[in-house]
Amino acid sequence: KGEFNTALTANNHPCYELAGEGKITHMGKATTSSSYCFYNPYCTSGTTNTVAANGDEVHSTFDQCTVNIEYPIMYVEGTFQVTGGTGRFANASGSGTQSTVWNLETHSGTTTVDGTIVY
């Protein structure tokens, strides 16, 4: 389980990059960065790299679709797959769900993840 506050760092429509920080089980305080592209007007897929304070990384892919927009807030839900990592997370696997509350005016939001990781 974890929660990250993120902000848009690059806009190359239809692809974007985010960065943020938060706290996640098994890692504690961590930073995250994601690259993603829209594959239809309301759905995205991409990759995420989450880094623990000691430098160990978890790599994952995700797929999310917008479920509701109450301008300026957009609610997004999806799934993720752990694809590996470094340090103690080398060869890690796992999966779960994620939900994001995104502010379309400030280009920032909060993502909550819940799932399993095997390492």
Quick one, Ile24 and Val113 - any side-chain contact, counting heavy atoms below 4.5 Å?
yes

Do Val51 and Met27 share a hydrophobic cluster, counting only Ile, Leu, Val, Met, Phe, Trp and Tyr and linking them when any side-chain heavy atoms are less than 4.5 Å apart?
no

Can you run down the ring-ring contact (aromatic ring centres under 6.0 Å, His included) pairs that involve residues 66-86, sequence neighbours left out, and say none if there aren't any?
none

Check whether Asn12 reaches the backbone of Cys15 with its side chain - one donor and one acceptor, N or O, closer than 3.5 Å.
no

Do Tyr39 and Phe62 belong together in a cluster built from hydrophobic side chains that touch within less than 4.5 Å?
no

Search all heavy atoms of Leu18 against all heavy atoms of Thr9 and return the closest pair with its distance.
N-OG1, 3.8 Å

Do side-chain atoms of Ser45 reach the backbone of Asp63 as a donor and acceptor pair under 3.5 angstrom?
no

Any side-chain to backbone donor/acceptor pair from Asn11 onto His13? Under 3.5 Å, distance only.
yes

Hydrophobic clustering (ILVMFWY, side-chain heavy atoms < 4.5 Å, transitive) - are Phe38 and Leu104 grouped together?
yes

Looking at Gly22 and Phe4, what are the two nearest heavy atoms and their distance?
N-CD2, 3.4 Å

So, Thr100 versus Gln64: side-chain donor-acceptor pair below 3.5 Å or not?
yes

Step-by-step side-chain contact (heavy atoms from CB on, under 4.5 Å) determination, Glu77 to Thr97:
CA-CA 8 Å; Glu77 292 184 3; Thr97 59; over 6 Å; no

Taking all heavy atoms of Val82 and all of Ser93, pick out the closest pair and write down the distance.
CB-C, 3.6 Å

Do Thr32 and Thr6 come close enough that some side-chain heavy atom pair is under 4.5 Å?
yes

Are His59 and Phe89, when compared by the centres of their aromatic rings, separated by less than 6.0 Å?
no

For Glu3, does the CD atom have more than 12 heavy-atom neighbours from other residues, nucleotides or ligands under 6.0 Å away?
yes

Rounded to the nearest 0.5 Å, how far apart are OG1 of Thr106 and CD1 of Ile73?
7.0 Å

Please give me the minimum heavy-atom distance between Ala52 and Ala30, naming the atom from each residue.
CA-CB, 4.3 Å

Can you tell me how far apart CD (Glu21) and OG1 (Thr31) are? Round to the nearest 0.5 Å.
8.0 Å

Using the side chain to side chain donor-acceptor pair (under 3.5 Å) rule, take Asn49 and Ser33 through it: C-alpha gap first, then chi angles, then the decisive distance, then the call.
CA-CA 5 Å; Asn49 186 43; Ser33 60; 4.7 Å; no

Taking side chain as C-beta onward, heavy atoms only, is Tyr36 less than 4.5 Å from Thr61?
no

Is it true that a side-chain atom of Thr86 and a backbone atom of Glu57 form a donor plus acceptor pair closer than 3.5 Å?
yes

Output for pair (Trp102 CH2, Thr111 OG1), nearest 0.5 Å, gives 7.5 Å

Taking CG in Asn91 as the centre, count heavy atoms belonging to other residues, nucleotides or ligands within less than 6.0 Å. Is the count above 12?
no

Could you report the tightest heavy-atom contact between Gly87 and Asp56, atom names first, then the distance?
CA-OD1, 3.5 Å

So do the side chains of Thr112 and Gln98 get within less than 4.5 Å of each other, counting heavy atoms only?
no

If two hydrophobic side chains count as joined below 4.5 Å and joins carry through other members, does Ile69 share a cluster with Val76?
yes

